[in-house]
Amino acid sequence: MEVSVGDVVMPGDKVKDIESVSDKQRVILGPGLRTDGANVYACKAGILKKRTAVYFVDSYQKRYIPSQGENVVGIVTQKAGDIFRVDIGASEPASLSYLAFEGASKRNRPDVQVGDIVYAKLLVASKDMEPELVCVDSFGKKGKLGVLNPNGMLFNCSLSLVRKILKPDCPLFKLLSDELKFELAVGMNGKIWIKSKSSVQDTIAVANAILLAEYKPQSELPVLCNSIIKSLAVLR
């Protein structure tokens, strides 16, 4: 069966839209799609979507499959020699070297303990290799990566919700930041860390807003945020 963008796809369905794209135009296959020769097929159930030159299958999924270059939030579960084991919600833990931090060396080791929450980037992600993380960019700078504040709140959500709130046109964080001051790190693996600069109630309010936004269209997000902010004002 041949399908187009916007259709519901099942594993094995052939995607015809990609075949009609000019050879000069760059096409990127995202999650849920695979190639077989010159043809492209769906490998999981969901809705076929396109964002710029990226084709992917949008589906409700909680099991994360590591993909190179994605930012993830994980929990350090073990220290084995010079390597930390980090739970990122995949089928196996990812490895994080102590040298994968800004300014790290044999004499200047990063202060990372078991139980710490880290925001990192996947350097290696392959079905044949163990996932490998780094907490620096290509210039060796940490930027927003690294060990997160332990006083924050970590919770899990579906991968489809992560993709929704990270869309450039999603107004959720803009609406919340107009009234609430908070920091957050969103991992493509469905783990989100939040820390409010004022109170625990604000942190919980932001987390609730994110979770409730999963099944809300963008047109209803202003109403949702106003409702949560008003409820928070009553508690104060």
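- Placement of V73 and L159 in two distinct hydrophobic clusters is found when ILVMFWY residues are connected by side-chain heavy-atom separations under 4.5 Å, directly or transitively.
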Checklist entry - How far apart are the C-alpha atoms of L96 and V112, what are their side-chain angles, what is the distance that settles it, and do they pass the side chain to side chain contact (heavy atoms under 4.5 Å, CB included) test? => result CA-CA 11 Å; L96 174 64; V112 181; 5.6 Å; no

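- A distance of 11.5 Å separates SG of C43 from CG of D13, quoted to the nearest 0.5 Å.
- For the residue pair L172 and C225, the shortest heavy atom distance occurs at CD1-SG, 3.6 Å.
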Next on the checklist: The test is side chain to side chain contact (heavy atoms under 4.5 Å, CB included); show your working for S67 and M188 and say whether it passes.
Outcome noted: CA-CA 9 Å; S67 180; M188 292 302 296; over 6 Å; no

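- Hydrophobic clustering (side-chain heavy atoms under 4.5 Å, transitive across Ile, Leu, Val, Met, Phe, Trp, Tyr) groups L212 together with L175.
- With respect to R85 and E130, a salt bridge is recorded, a charged nitrogen being found less than 4.0 Å from a carboxylate O.
- Under a hydrophobic clustering in which Ile, Leu, Val, Met, Phe, Trp and Tyr are joined whenever their side-chain heavy atoms come within less than 4.5 Å, directly or via other members, V5 and V9 fall into the same cluster.
- To the nearest 0.5 Å, atom OG1 of residue T203 and atom NZ of residue K197 are 12.0 Å apart.
- Rounded to the nearest 0.5 Å, atoms CG (L184) and NZ (K195) are 13.0 Å apart.
- Y64 OH to K191 NZ: the interatomic distance, rounded to the nearest 0.5 Å, is 12.0 Å.
- For the pairing with L133, the side chain to side chain contact (heavy atoms under 4.5 Å, CB included) check across V124, L123, I88 returns one residue only, I88.
- Among residue pairs with one or both ends in residues 100-110, those qualifying as side-chain hydrogen bond (donor to acceptor under 3.5 Å, both in side chains) are D82-R109; sequence neighbours excluded.
- Between L145 and V134, the closest heavy-atom pair is CD1-O, 4.2 Å.
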Next on the checklist: Pair V206, S196 - check side chain to side chain contact (heavy atoms under 4.5 Å, CB included), show working.
Outcome noted: CA-CA 8 Å; V206 175; S196 171; over 6 Å; no

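- The closest side-chain heavy-atom distance from I192 to L161 is not below 4.5 Å.
- Among the candidates I117, D87, V147, V118, the single residue satisfying the side chain to side chain contact (heavy atoms under 4.5 Å, CB included) test with V76 is V118.
- Side-chain contact between V72 and V86: absent, with no pair of heavy atoms (C-beta onward) separated by less than 4.5 Å.
- Put simply, the side chain of S227 never gets that close to the backbone of V223: no donor and acceptor are under 3.5 Å apart.
- The backbone N or O of N149 lies less than 3.5 Å from a partner atom in the side chain of W193, making a donor-acceptor pair.
- Among all heavy-atom pairs drawn from A104 and Y98, the shortest one is CB-O, 3.1 Å.
- There is no path of hydrophobic side-chain contacts, each under 4.5 Å, that joins Y41 to I65.
- Residue K216 places its NZ atom among 12 or fewer non-hydrogen atoms of other residues, nucleotides or ligands, all under 6.0 Å distant.
- One hydrophobic cluster, built from ILVMFWY side chains closer than 4.5 Å, holds both V162 and F173.
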Checklist entry - Given I229 and D178, is the side chain to side chain contact (heavy atoms under 4.5 Å, CB included) satisfied, shown in steps? => result CA-CA 10 Å; I229 291 171; D178 288 341; over 6 Å; no

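- If you take CZ on F84 and OG1 on T77, they are separated by 11.5 Å, rounding to the nearest 0.5 Å.
- The CG atom of L99 sits 12.0 Å away from the SG atom of C135 when rounded to the nearest 0.5 Å.
- Contact check for I194 versus I210: side-chain heavy atoms found under the 4.5 Å cut-off.
- Closest approach of Y55 to L33, counting heavy atoms only: O-CD1, 3.4 Å.
- Annotation: side chain of Q78 is not in contact with side chain of P93 (no heavy-atom distance under 4.5 Å).
- The two residues L148 and A185 have their closest heavy-atom pair at CD1-CB, 4.0 Å.
- Residue pairs meeting the side-chain hydrogen bond (donor to acceptor under 3.5 Å, both in side chains) criterion with at least one member in residues 133-142: none, sequence neighbours excluded.
- Between C157 and L211 the shortest heavy-atom distance is CB-CD2, 4.0 Å.
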